[in-house]
Each structure stands twice: as C-alpha cells, then as structure tokens.
2 protein chains.
Amino acid sequence: MDDEVPPEFELPEFDLYGFTPYRLAVAAKRTSEELARLYRARFGITIPEWRVLVHLAHSGKVSVRDIEARVAMEKYEVSRAAKRLRESGLIERKENPEDRRLVVLSLTPKGREMMAELLPLAKAHQARLEARLGEAFAELEAGLEALLNETK
Amino acid sequence: MDDEVPPEFELPEFDLYGFTPYRLAVAAKRTSEELARLYRARFGITIPEWRVLVHLAHSGKVSVRDIEARVAMEKYEVSRAAKRLRESGLIERKENPEDRRLVVLSLTPKGREMMAELLPLAKAHQARLEARLGEAFAELEAGLEALLNETK
DNA sequence: GCGCTTTCATTGCAGATGCAACGAGATCCT
DNA sequence: AGGATCTCGTTGCATCTGCAATGAAAGCGC
C-alpha cells in the first residue's frame, strides 16, 4: 500500500535562479542601486527625478505627457518628480498657451548646470559597466533589445 | 564677441534608451508585471510572497535568514511576506528548538497544493519567453550571467 | 557565571507609491 | 452654440517600503 506518500513528491522542481524574470529583477535592482547611490549622495535626486531631468536635457521643453510616454513612467510619477524638482529649483513649469491643459517643463540654469556635471558621470558609469562585462556586454544588449521590442 | 552662448551647448548628448541600467529597469518591470498579474489574479499573491513560496517549495524548512540570503530580499521583506502568507494559511511558522532566535518556515498542505498548480504555470511562462526571444534568449542569459556574477 | 557583543526576526514610523477620482480645458457632434 | 466626451495634470487616500530601533536569544571573553 502506498498511500500517505509524502506530499513533497507532488511539487515539480523549479529553479528560481534560472527564472528570467527573477534574474532581470535582481540585475536591475543591483545596477540601479549602484547608480541611485551616486545620484543621491552627490546631487540629492532620485531615479524618477533623474529620468525626468535626462529627458529635459535632451528635449528642451516638454509636457508631463511627453515624458510619460518616453521614459517608462506613469504620469503621476512624472508629476510628483517634477514637483520635487521645481521645489529644488532645478526645473521650471509654465503653461502652454496653445493648449492650456499642457504644462511646459524645462531645466533652469541651475538644473542645466547640474546636468552638465551629472551626465558625464553617467556616461562614465556606462563605460565602466561595458568594460567590466567585456564580451558579455554585447550579448546582454542584444538580448535586452529583443526583449524590449518583444514586450513593447 | 561670443558671450551669451545658449546654455544648451554645455550639455553633452546622453541617450537614456541606450543606458543599460535604464534598459534593465524597463525590461525587469515589464516581465515582472506580466507575471505579477498572473500571480495576483489567479492566486492573490505578490512577488515577494512568490519568492518566499518558491524557496520553501524547494528547500523545505528554512529561516528568514536563509531566504534573505538566497532570494535577493531584505529580511524585513521576507518577514512581512511570511506574515501575510501565514495569514492566508499558505505557510506555517515554528520556532527552531536548537536556536530559538530562528524561525522555521514551511509550506502548509494548502500552500503545497497551490504551488503544485503555480509552478507549472511559471515554467510555461519561462518557456514562452524563451520561445518568443528565440536566438536572443541565449544571449540575454549569457549577458545576465556575466552581470550577476560581476556585481555580486 | 556574567556582562558585552552579535545575530535573528519583527515592527514603528516616515516617506514613497499606485489607484482612482477630480477639475480644468479641449474636442467632437449635432 | 452647447452638452457630452476625452485629455491632461494633480492629488487624496490607502497601502507599501525602507530604515532604524527594538527585544529576545546565542555566543564570546574573562
């Protein structure tokens, strides 16, 4: 008679370390944290704020909506990041006269100054990462490219 | 005279979409969200809870400390996830008689039952992801492997 | 054996986050 | 024109999160 089999037998093997969503989450957390420390320690900004700033540095004058669509943030995240950045004097907000629902966000001179210092550091970080990964870097990027296109 | 140069000139080009930490964050968010919907809709659990459950399914009886070390969570995350899982009747907690600071977490029959249903779904999800990415999947994994070893 | 330090798990608190609702303004439709 | 609908940005609220502090137990040194 073989009833009372230990229930362990019913569970399939599953290796969390080989589970791609898990691996991605860990990888993202590690690289982001490294960077977040830099941003915060040196400039007192968070990652959502960083994303908004980068987009403004690149695109000049934009609305919350523009940023939302382009930097993978929800509009309320953009809105709150922008609020903090305004309070710090790094960006300013005007009203768009052509469509008064829209805001026009742009860097202040102070914000521009900070980005002039921060962007080279971010570039250096990217270069270090590429150097550290060597050959594997190109593979990682190719894989990410496929994944990002696929899940878009 | 060339003072009053527009300040735009001072900012280096920077492409957020080519910035690896950003790409990783977006990729992780997308894949996790896909999965989180499954977990939540079907079983009412969150990702931290899922991680704890997987570890318990794999390792039998373990402490918070064990889990913390192995599934990239802080101990308070584990502790709170375990609390919710206990309240749902999916895991149980005993005291370790050999070291009474330690807890012994394990799946209840109900939890075991749920995992017997959930693990195959997770495997299927992984298989789908591999299929969708095709060639690029191996590259992604090779790149992640290097990154995870490098930043460990 | 007895204080001192370390380890383990939990939790209070403050700040962050996500959802849904809101108000203001634009657009559409007849 | 003007009511219904849609878009944009913000915010109230409940929940979640991360940090640091706590309490309980073990280990360590003398």
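Chain A is the first sequence line, chain B the second, and so forth, proteins listed ahead of strands; every chain is numbered from 1. Values in this document were obtained by computation on a predicted structure and should not be read as measured data.
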Can you give the donor-acceptor pairs under 3.5 Å from side chains of residues 71-87 of chain A to other protein atoms, not counting sequence neighbours?
from  : atom 1 : to    : atom 2 : distance (Å)
A:E77 : OE1    : A:E74 : N      : 2.9
A:R84 : NE     : A:E49 : OE2    : 2.4
A:R84 : NH2    : A:E49 : OE2    : 3.4

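Proximity of a side-chain donor or acceptor of B:K61 to a complementary backbone N or O of B:K94 within less than 3.5 Å is not detected. Put simply, the side chain of B:R23 gets close to the backbone of B:Y17: a donor and an acceptor are under 3.5 Å apart. Side chain of A:Q126 to backbone of B:T20: a donor-acceptor contact under 3.5 angstrom is found. Remark: side-chain polar atoms of B:R40 are not paired, donor with acceptor, to backbone N or O of B:T46 under 3.5 angstrom. Of the possible donor and acceptor atoms, one in the side chain of B:T31 sits under 3.5 Å from a partner among the backbone N and O of B:A28. Side-chain atoms of A:T108 come within 3.5 Å of backbone atoms of A:L90 as a donor-acceptor pair (strictly under, hydrogens ignored).
For the residue pair A:Y22 and A:L16, the shortest heavy atom distance occurs at CD2-O, 3.2 Å. Looking at every heavy atom in both residues, B:A136 comes nearest to A:A142 through CB-O, 4.4 Å. A pairwise comparison of heavy atoms in A:R51 and B:A25 identifies NH2-CB, 3.5 Å as the closest pair. Residues A:K123 and B:P12 come closest through the heavy atom pair NZ-CB, 4.2 Å. Nearest heavy atom pair, residue B:A57 against residue A:L11, reads CB-CD1, 3.8 Å. Here the closest heavy-atom approach between residue B:M115 and residue B:L107 is recorded as CG-CD1, 4.2 Å.
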Would you tabulate the pairs of protein nitrogen or oxygen atoms and nucleotide nitrogen or oxygen atoms of nucleotides 1-5 of chain D closer than 3.5 angstrom?
none

Pairs: protein N or O with nucleotides 21-23 of chain D N or O, under 3.5 Å:
none

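Protein atom CD of A:E74 is 18 Å distant from nucleotide atom P of D:dT11, rounded to whole Å.
A salt bridge is absent between B:R30 and B:E34; no separation between the charged side-chain nitrogens and carboxylate oxygens falls under 4.0 Å. Taking a cutoff of 4.0 Å between a charged side-chain nitrogen and a carboxylate oxygen, A:E113 and A:K110 do not qualify as a salt bridge.
Every side chain to side chain contact (heavy atoms under 4.5 Å, CB included) that A:V62 has, sequence neighbours left out, goes to A:H55, A:L56, A:S59, A:D66, A:I67. Evaluation of the side chain to side chain contact (heavy atoms under 4.5 Å, CB included) rule for B:E135 yields no partner, not counting sequence neighbours. Contacts of B:A27 classified as side chain to side chain contact (heavy atoms under 4.5 Å, CB included), with partners at least two apart in sequence or in another chain: A:L24, A:L144, A:L147, A:L148. Legend: residues meeting ring-ring contact (aromatic ring centres under 6.0 Å, His included) with B:F14, ordered by chain and number and at least two apart, are A:W50, B:F19.
Residues A:R86 and A:K29 each lie close to DNA chain D; by heavy-atom proximity, the contact nearer the 5' end of the strand is made by A:R86.
DNA chain D is contacted by A:R93, A:R101, A:L102, A:V103 of residues 87-106 of chain A, taking any non-hydrogen atom closer than 4.0 Å. Applying a 4.0 Å cut-off to non-hydrogen atoms, none of the residues of residues 45-56 of chain A approaches DNA chain C. Near DNA chain D, meaning a heavy atom under 4.0 Å away, the residues from residues 76-83 of chain A are A:Y76, A:S79, A:R80.
In the helix from C:dG1-D:dC30 to C:dT30-D:dA1, the rotation axis of the first five pairs and that of the last five pairs differ in direction by 20°, rounded to 10 degrees.
Mapping heavy-atom proximity under 4.0 Å, the span of DNA chain C touched by chain A runs 5' to 3' from C:dG18 to C:dA26.
When the shell of 6.0 Å around NE2 of B:H125 is examined, it contains more than 12 heavy atoms from other residues, nucleotides or ligands.
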